[in-house]
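Data block below; observations after.
Quantities reported herein were computed from a predicted structural model and do not represent experimental measurements.
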Amino acid sequence: MPLANEAEPRRRQSYGKRDIGGIGIAVVTRDTAIAELREAIVEGGHVKLAFCNANLVNVAAGDLALQRSLSTFLVLADGIGVDLGSSLLYGKPFPVNLNGTDFLPAFFGAQLRPLRVSLLGGRPGVADRAVENLARRYPQHRFKVVSHGYYALEEEARLLDGLKAERPDLLLVAMGNPMQERFIAEKLSTQHCAVAAGVGALFDFFAGEVQRAPEAIRKARLEWIYRLWLEPSRLWRRYVLGNPAFLMRVARQYLADGRQAG
(Lines give C-alpha, C1' and ligand atoms only; values in the text may rest on other atoms or scores of the structure.)
Protein backbone atom coordinates (compact mmCIF):
# COMPACT_ATOMS: atom_id res chain seq x y z
CA MET A 1 0.00 0.00 0.00
CA PRO A 2 1.72 3.24 -1.07
CA LEU A 3 1.94 6.17 1.29
CA ALA A 4 -0.26 9.17 0.63
CA ASN A 5 1.62 11.89 -1.20
CA GLU A 6 3.37 14.26 1.16
CA ALA A 7 1.83 17.72 1.36
CA GLU A 8 3.96 20.65 2.49
CA PRO A 9 6.71 18.39 3.89
CA ARG A 10 8.96 19.54 6.66
CA ARG A 11 12.66 19.96 6.05
CA ARG A 12 14.53 16.93 4.70
CA GLN A 13 14.34 14.22 7.32
CA SER A 14 17.36 12.33 8.58
CA TYR A 15 15.38 9.18 9.33
CA GLY A 16 13.53 6.61 7.29
CA LYS A 17 9.86 5.71 7.38
CA ARG A 18 7.98 2.43 7.23
CA ASP A 19 4.54 2.30 5.67
CA ILE A 20 2.15 0.58 8.06
CA GLY A 21 -1.35 0.65 6.63
CA GLY A 22 -0.72 3.84 4.69
CA ILE A 23 0.92 5.77 7.53
CA GLY A 24 4.65 6.53 7.36
CA ILE A 25 6.07 5.79 10.80
CA ALA A 26 9.52 7.15 11.56
CA VAL A 27 12.35 4.69 12.16
CA VAL A 28 14.02 6.53 15.01
CA THR A 29 15.49 5.99 18.43
CA ARG A 30 14.12 7.89 21.42
CA ASP A 31 17.16 10.19 21.43
CA THR A 32 16.67 11.07 17.75
CA ALA A 33 12.99 11.85 18.31
CA ILE A 34 13.84 14.04 21.30
CA ALA A 35 16.47 15.85 19.24
CA GLU A 36 13.89 16.56 16.48
CA LEU A 37 11.58 18.25 18.97
CA ARG A 38 14.37 20.10 20.70
CA GLU A 39 15.59 21.48 17.37
CA ALA A 40 12.13 22.84 16.51
CA ILE A 41 11.89 24.54 19.90
CA VAL A 42 15.36 26.07 19.87
CA GLU A 43 15.34 27.16 16.22
CA GLY A 44 11.77 28.47 16.07
CA GLY A 45 10.53 25.67 13.85
CA HIS A 46 7.32 23.68 13.89
CA VAL A 47 6.77 19.93 14.25
CA LYS A 48 3.45 18.16 14.15
CA LEU A 49 3.75 14.99 16.22
CA ALA A 50 1.58 11.86 16.26
CA PHE A 51 1.87 8.56 18.08
CA CYS A 52 0.72 5.76 15.79
CA ASN A 53 -0.78 2.61 17.22
CA ALA A 54 -3.02 0.01 15.62
CA ASN A 55 -6.08 2.14 16.34
CA LEU A 56 -4.78 5.14 14.38
CA VAL A 57 -3.98 2.86 11.42
CA ASN A 58 -7.56 1.57 11.53
CA VAL A 59 -9.02 5.07 11.85
CA ALA A 60 -6.97 6.34 8.90
CA ALA A 61 -7.73 3.35 6.66
CA GLY A 62 -9.38 4.59 3.48
CA ASP A 63 -9.10 8.22 4.60
CA LEU A 64 -6.57 9.57 2.13
CA ALA A 65 -6.97 13.13 3.44
CA LEU A 66 -5.95 12.02 6.93
CA GLN A 67 -3.08 9.93 5.58
CA ARG A 68 -1.91 12.90 3.53
CA SER A 69 -2.01 15.12 6.62
CA LEU A 70 -0.07 12.56 8.65
CA SER A 71 2.63 12.48 5.97
CA THR A 72 3.64 15.95 7.21
CA PHE A 73 3.88 14.77 10.85
CA LEU A 74 6.70 13.16 12.75
CA VAL A 75 4.88 9.88 13.46
CA LEU A 76 6.29 7.70 16.24
CA ALA A 77 5.73 3.96 16.71
CA ASP A 78 3.36 3.28 19.60
CA GLY A 79 2.68 -0.23 20.78
CA ILE A 80 3.08 -3.86 19.93
CA GLY A 81 0.62 -3.73 17.01
CA VAL A 82 2.76 -1.57 14.75
CA ASP A 83 5.82 -3.59 15.78
CA LEU A 84 4.09 -6.76 14.60
CA GLY A 85 3.16 -4.99 11.38
CA SER A 86 6.74 -3.84 10.88
CA SER A 87 8.08 -7.34 11.55
CA LEU A 88 5.80 -8.82 8.91
CA LEU A 89 6.25 -6.09 6.30
CA TYR A 90 9.92 -5.19 6.87
CA GLY A 91 11.36 -8.19 8.70
CA LYS A 92 12.08 -6.32 11.93
CA PRO A 93 10.29 -4.25 14.58
CA PHE A 94 10.79 -0.54 15.11
CA PRO A 95 13.94 0.41 17.06
CA VAL A 96 11.95 1.28 20.20
CA ASN A 97 8.39 1.66 21.44
CA LEU A 98 7.71 5.41 21.61
CA ASN A 99 4.27 5.60 23.19
CA GLY A 100 3.38 9.06 24.44
CA THR A 101 2.83 7.96 28.03
CA ASP A 102 6.53 7.14 28.34
CA PHE A 103 8.06 9.34 25.65
CA LEU A 104 6.77 12.72 26.82
CA PRO A 105 7.91 12.30 30.45
CA ALA A 106 11.32 11.27 29.06
CA PHE A 107 11.30 14.39 26.90
CA PHE A 108 10.43 16.64 29.84
CA GLY A 109 13.14 15.07 31.96
CA ALA A 110 15.77 15.44 29.24
CA GLN A 111 15.29 19.19 28.79
CA LEU A 112 17.49 21.44 30.90
CA ARG A 113 16.09 24.50 29.14
CA PRO A 114 12.76 25.54 30.74
CA LEU A 115 9.84 24.69 28.49
CA ARG A 116 6.45 26.35 28.12
CA VAL A 117 3.95 23.51 27.76
CA SER A 118 0.24 24.07 27.07
CA LEU A 119 -2.55 21.49 27.36
CA LEU A 120 -5.68 21.52 25.22
CA GLY A 121 -8.42 18.90 25.40
CA GLY A 122 -9.68 16.20 27.69
CA ARG A 123 -12.67 16.26 30.01
CA PRO A 124 -13.30 19.41 32.07
CA GLY A 125 -10.94 19.53 35.05
CA VAL A 126 -8.65 16.71 33.93
CA ALA A 127 -6.06 18.97 32.26
CA ASP A 128 -5.98 21.15 35.40
CA ARG A 129 -5.16 18.16 37.59
CA ALA A 130 -2.61 16.99 35.02
CA VAL A 131 -0.90 20.40 35.15
CA GLU A 132 -0.70 20.25 38.96
CA ASN A 133 1.00 16.86 38.86
CA LEU A 134 3.32 17.78 36.00
CA ALA A 135 4.40 21.01 37.73
CA ARG A 136 5.35 19.04 40.85
CA ARG A 137 7.23 16.43 38.84
CA TYR A 138 9.01 18.83 36.47
CA PRO A 139 9.36 22.15 38.32
CA GLN A 140 11.82 23.46 35.73
CA HIS A 141 9.01 23.71 33.14
CA ARG A 142 5.84 25.84 33.04
CA PHE A 143 2.59 24.01 32.35
CA LYS A 144 -0.63 25.80 31.41
CA VAL A 145 -4.16 24.75 30.50
CA VAL A 146 -5.58 26.30 27.31
CA SER A 147 -9.02 24.68 27.53
CA HIS A 148 -10.77 21.37 28.03
CA GLY A 149 -11.87 19.60 24.86
CA TYR A 150 -15.55 20.52 25.07
CA TYR A 151 -15.30 24.19 24.20
CA ALA A 152 -17.95 25.74 21.96
CA LEU A 153 -17.05 26.11 18.29
CA GLU A 154 -17.31 29.90 18.53
CA GLU A 155 -14.55 29.86 21.17
CA GLU A 156 -12.01 28.28 18.84
CA ALA A 157 -10.81 31.49 17.19
CA ARG A 158 -10.13 33.01 20.61
CA LEU A 159 -8.19 29.92 21.70
CA LEU A 160 -6.09 29.98 18.55
CA ASP A 161 -5.38 33.69 19.00
CA GLY A 162 -4.26 32.96 22.54
CA LEU A 163 -1.86 30.32 21.28
CA LYS A 164 -0.42 32.79 18.78
CA ALA A 165 0.18 35.29 21.59
CA GLU A 166 1.70 32.67 23.88
CA ARG A 167 3.37 30.41 21.27
CA PRO A 168 4.22 27.57 23.68
CA ASP A 169 7.20 25.35 23.05
CA LEU A 170 4.93 22.30 23.21
CA LEU A 171 1.16 22.05 22.80
CA LEU A 172 -0.42 18.78 23.89
CA VAL A 173 -3.74 18.16 22.14
CA ALA A 174 -5.96 15.50 23.72
CA MET A 175 -9.03 15.03 21.53
CA GLY A 176 -8.73 11.38 20.49
CA ASN A 177 -8.08 9.93 17.03
CA PRO A 178 -8.59 11.30 14.44
CA MET A 179 -9.96 14.60 15.77
CA GLN A 180 -6.69 15.67 17.38
CA GLU A 181 -4.63 14.89 14.26
CA ARG A 182 -7.08 16.80 12.08
CA PHE A 183 -7.08 19.74 14.49
CA ILE A 184 -3.27 19.86 14.48
CA ALA A 185 -3.08 19.52 10.69
CA GLU A 186 -5.79 22.04 9.85
CA LYS A 187 -5.68 24.61 12.66
CA LEU A 188 -2.09 24.84 13.88
CA SER A 189 1.03 26.24 12.29
CA THR A 190 4.39 27.67 13.28
CA GLN A 191 2.54 30.73 14.62
CA HIS A 192 0.83 28.71 17.34
CA CYS A 193 3.58 26.54 18.84
CA ALA A 194 6.93 24.90 18.15
CA VAL A 195 5.63 21.36 18.64
CA ALA A 196 2.01 20.22 18.46
CA ALA A 197 1.44 16.67 19.71
CA GLY A 198 -1.72 14.57 19.56
CA VAL A 199 -1.77 12.67 22.85
CA GLY A 200 -5.13 10.87 23.15
CA ALA A 201 -5.95 9.95 26.76
CA LEU A 202 -2.58 11.08 28.12
CA PHE A 203 -4.09 13.76 30.39
CA ASP A 204 -5.96 11.01 32.24
CA PHE A 205 -2.63 9.35 33.08
CA PHE A 206 -0.94 12.63 34.03
CA ALA A 207 -3.93 13.55 36.23
CA GLY A 208 -3.97 10.18 37.97
CA GLU A 209 -7.43 9.41 36.61
CA VAL A 210 -6.22 6.16 35.00
CA GLN A 211 -3.48 3.99 36.44
CA ARG A 212 -0.64 2.53 34.38
CA ALA A 213 -0.33 -1.22 34.18
CA PRO A 214 2.20 -2.87 36.50
CA GLU A 215 5.74 -2.74 35.16
CA ALA A 216 5.86 -6.46 34.35
CA ILE A 217 2.79 -6.10 32.13
CA ARG A 218 4.28 -3.05 30.39
CA LYS A 219 7.55 -4.90 29.76
CA ALA A 220 5.58 -7.77 28.24
CA ARG A 221 3.94 -5.25 25.85
CA LEU A 222 0.49 -6.18 27.19
CA GLU A 223 -0.63 -2.87 28.65
CA TRP A 224 -3.53 -2.80 26.19
CA ILE A 225 -5.02 -5.86 27.94
CA TYR A 226 -4.76 -4.09 31.29
CA ARG A 227 -6.49 -1.01 29.87
CA LEU A 228 -9.23 -3.16 28.37
CA TRP A 229 -9.73 -4.77 31.78
CA LEU A 230 -9.99 -1.33 33.43
CA GLU A 231 -12.31 0.22 30.83
CA PRO A 232 -14.07 -2.58 28.93
CA SER A 233 -17.12 -0.58 27.89
CA ARG A 234 -15.01 2.19 26.36
CA LEU A 235 -12.21 0.15 24.83
CA TRP A 236 -13.70 -3.19 23.77
CA ARG A 237 -14.39 -2.01 20.24
CA ARG A 238 -10.87 -0.61 19.83
CA TYR A 239 -9.15 -3.79 20.98
CA VAL A 240 -11.52 -6.75 20.57
CA LEU A 241 -12.65 -5.68 17.10
CA GLY A 242 -9.84 -3.30 16.16
CA ASN A 243 -6.84 -5.55 16.73
CA PRO A 244 -8.01 -8.33 14.38
CA ALA A 245 -9.00 -5.69 11.81
CA PHE A 246 -5.51 -4.19 12.02
CA LEU A 247 -3.82 -7.58 11.59
CA MET A 248 -5.98 -8.35 8.56
CA ARG A 249 -5.14 -4.94 7.11
CA VAL A 250 -1.41 -5.57 7.50
CA ALA A 251 -1.76 -9.08 6.06
CA ARG A 252 -3.48 -7.66 2.97
CA GLN A 253 -0.67 -5.13 2.61
CA TYR A 254 1.88 -7.95 2.80
CA LEU A 255 0.03 -10.00 0.19
CA ALA A 256 -0.20 -6.96 -2.11
CA ASP A 257 3.34 -5.61 -1.72
CA GLY A 258 5.43 -8.38 -0.14
CA ARG A 259 8.24 -7.72 2.27
CA GLN A 260 9.81 -4.28 1.93
CA ALA A 261 13.25 -2.86 2.67
CA GLY A 262 13.39 -0.23 5.37
TODO: Assess whether side chain to side chain contact (heavy atoms under 4.5 Å, CB included) is satisfied between Ile41 and Leu115, documenting all intermediate values.
DONE: CA-CA 9 Å; Ile41 292 169; Leu115 298 177; 4.0 Å; yes
Open item on the list: I'd like to know if the side chain of Arg116 and the backbone of Arg167 have a donor-acceptor N/O pair within less than 3.5 Å.
Closed with: yes
Open item on the list: The criterion is ring-ring contact (aromatic ring centres under 6.0 Å, His included); which residues satisfy it with Phe108, sequence neighbours excluded?
Closed with: Tyr138, Phe143
Task: Asp83 side chain to Phe94 backbone, donor-acceptor under 3.5 Å - done: yes
- [ ] List in chain and number order the residues that pass side-chain hydrogen bond (donor to acceptor under 3.5 Å, both in side chains) with Asn243, two or more places apart in sequence or in another chain; answer none if no residue qualifies.
- [x] none
- [ ] Would you name the heavy atoms of Ala33 and Val28 that are closest together and state the gap between them?
- [x] CB-CG2, 4.2 Å
- [ ] Nearest 0.5 Å please: distance from the CG atom of Leu120 over to the CD1 atom of Ile184.
- [x] 9.0 Å
Task: salt bridge (Lys or Arg N to Asp or Glu O under 4.0 Å) against Arg238, all qualifying residues, sequence neighbours excluded - done: none
- [ ] Take Tyr151 and Leu159 through the test side chain to side chain contact (heavy atoms under 4.5 Å, CB included) and record every step on the way to the result.
- [x] CA-CA 9 Å; Tyr151 60 83; Leu159 295 176; 3.6 Å; yes
Open item on the list: With a 3.5 Å distance limit and no angle check, can you tell me whether Arg259 reaches the backbone of Leu88 through a side-chain donor-acceptor pair?
Closed with: yes
- [ ] Decide side chain to side chain contact (heavy atoms under 4.5 Å, CB included) for Leu98 and Asp78; before the verdict, give the C-alpha distance in whole Å, the side-chain angles of both, and the deciding distance to 0.1 Å.
- [x] CA-CA 5 Å; Leu98 294 172; Asp78 174 1; over 6 Å; no
Task: side chain to side chain contact (heavy atoms under 4.5 Å, CB included) between Ile20 and Ser86, worked out - done: CA-CA 7 Å; Ile20 307 294; Ser86 179; 4.3 Å; yes
Task: Minimum heavy-atom distance between Ile23 and Leu56, given as atom pair plus value - done: CD1-O, 3.9 Å
Task: Heavy-atom pair of closest approach, residues Arg30 and Ala106 - done: NH1-CB, 3.5 Å
Task: Atom pair CZ/CG of Phe107 and Leu37 - distance to nearest 0.5 Å - done: 5.0 Å
TODO: To the nearest 0.5 angstrom, please state how far the CZ atom of Phe51 sits from the CG atom of Asp102.
DONE: 10.0 Å
Open item on the list: Quick check for you: to the nearest 0.5 Å, what is the distance between Leu163 atom CG and Cys193 atom SG?
Closed with: 7.0 Å
Open item on the list: For a quick test of reading the model, state the closest non-hydrogen atom pair linking Asn58 to Ala245 and the distance between them.
Closed with: OD1-C, 4.0 Å
- [ ] Kindly give the heavy-atom pair with the smallest separation between Ala61 and Arg249, and that separation in Å.
- [x] CB-NE, 3.3 Å
Open item on the list: If we count only N and O atoms by modelled type, under 3.5 Å, do the side chains of Asn177 and Asn55 hold a donor and an acceptor together?
Closed with: yes
Open item on the list: Counting C-beta onward and ignoring hydrogens, is there a side-chain heavy-atom pair between Pro244 and Leu247 closer than 4.5 Å?
Closed with: no
TODO: Could you note down all residue pairs passing ring-ring contact (aromatic ring centres under 6.0 Å, His included) where residues 241-262 supplies at least one of them, sequence neighbours left out?
DONE: none
Open item on the list: Side chains of Gln191 and Leu160, heavy atoms from C-beta outward: is any pair under 4.5 Å?
Closed with: no
Task: Whether Glu181 side chain and Leu70 backbone form a donor-acceptor pair below 3.5 Å - done: no
Open item on the list: Please check this pair: side chain of His141 against backbone of Ala135, looking for a donor-acceptor N/O pair closer than 3.5 Å.
Closed with: no
TODO: Under the side-chain hydrogen bond (donor to acceptor under 3.5 Å, both in side chains) rule, collect the residues that match up with Asp161, sequence neighbours excluded.
DONE: none
Task: Check: Leu188 and Leu171 side chains under 4.5 Å, non-hydrogen atoms - done: yes
Open item on the list: Can you confirm whether more than 12 heavy atoms, excluding those of Arg237, are under 6.0 Å from its CZ atom?
Closed with: no
- [ ] Kindly indicate whether the side chain of Val117, heavy atoms from C-beta on, has any atom under 4.5 Å from the side chain of Leu134.
- [x] no
- [ ] Using the test ring-ring contact (aromatic ring centres under 6.0 Å, His included), find all partners of Tyr226 that sit at least two apart in sequence or belong to another chain.
- [x] Trp229
Task: Pairwise distance CG(Leu170) to CG(Leu104) - rounded to 0.5 angstrom - done: 6.5 Å
Open item on the list: Using a 3.5 Å distance criterion without hydrogens, assess whether the side chain of Gln253 forms a donor-acceptor pair with backbone atoms of Gly21.
Closed with: yes
Open item on the list: Has Gln180 got a side-chain atom pairing as donor or acceptor with Gly176's backbone, closer than 3.5 angstrom?
Closed with: yes
Open item on the list: Check Arg227 with Glu223, please: is the shortest side-chain N to carboxylate O separation under 4.0 Å?
Closed with: no
Task: Flag side-chain contact, heavy atom, 4.5 Å: Leu119 against Asp128 - done: no
Task: Expected output: side-chain Arg18 to main-chain Ile25 donor-acceptor under 3.5 Å - done: no
Open item on the list: Test: salt bridge (charged side-chain N to carboxylate O under 4.0 Å, His left out). Region: residues 144-158. Which pairs qualify, not counting sequence neighbours?
Closed with: Lys144-Glu166, Glu155-Arg158, Glu156-Lys187
Open item on the list: So, using side-chain hydrogen bond (donor to acceptor under 3.5 Å, both in side chains) as the criterion, who are the partners of Ser118 when residues are at least two apart?
Closed with: none
- [ ] Check Ala40 against Val195 and note the closest heavy-atom contact, atom names and distance.
- [x] CB-CG2, 4.3 Å
Open item on the list: Quick test of your reading: applying side chain to side chain donor-acceptor pair (under 3.5 Å), list the pairs with at least one residue in residues 196-209, sequence neighbours left out, ordered by first then second residue.
Closed with: Arg123-Asp204, Arg129-Glu209
Open item on the list: Let me confirm one number: the CG-CD distance from Asp31 to Glu36, rounded to the nearest 0.5 Å.
Closed with: 12.5 Å
Task: Asn53 side-chain N/O to Gly79 backbone N/O, donor-acceptor pair under 3.5 Å - done: no
- [ ] Would you please say whether a donor-acceptor pair under 3.5 Å links the side chains of Arg38 and Gln111?
- [x] yes
Open item on the list: Same cluster or not: Val42 versus Ile34, using hydrophobic residues (I, L, V, M, F, W, Y) connected whenever any side-chain heavy atoms lie under 4.5 Å apart?
Closed with: no
- [ ] Output all residues satisfying salt bridge (Lys or Arg N to Asp or Glu O under 4.0 Å) with Arg252, sequence neighbours left out; order by chain, then residue number.
- [x] none
Open item on the list: Taking atom CG as the centre, does Leu112 end up with more than 12 heavy-atom neighbours from other residues, nucleotides or ligands that are less than 6.0 angstrom away?
Closed with: no
Open item on the list: So does Val75 get a backbone contact from the side chain of Lys48, meaning a donor-acceptor N/O pair under 3.5 Å?
Closed with: no
TODO: Any pair with a residue in residues 202-224 that passes ring-ring contact (aromatic ring centres under 6.0 Å, His included), sequence neighbours left out, goes on the list, sorted by first then second residue, please.
DONE: Trp224-Tyr239
- [ ] May I ask you to test the Val27-Lys17 pair for a side-chain heavy-atom distance under 4.5 Å?
- [x] no
Open item on the list: Restricting to salt bridge (Lys or Arg N to Asp or Glu O under 4.0 Å), what partner residues turn up for Arg137, sequence neighbours left out?
Closed with: none
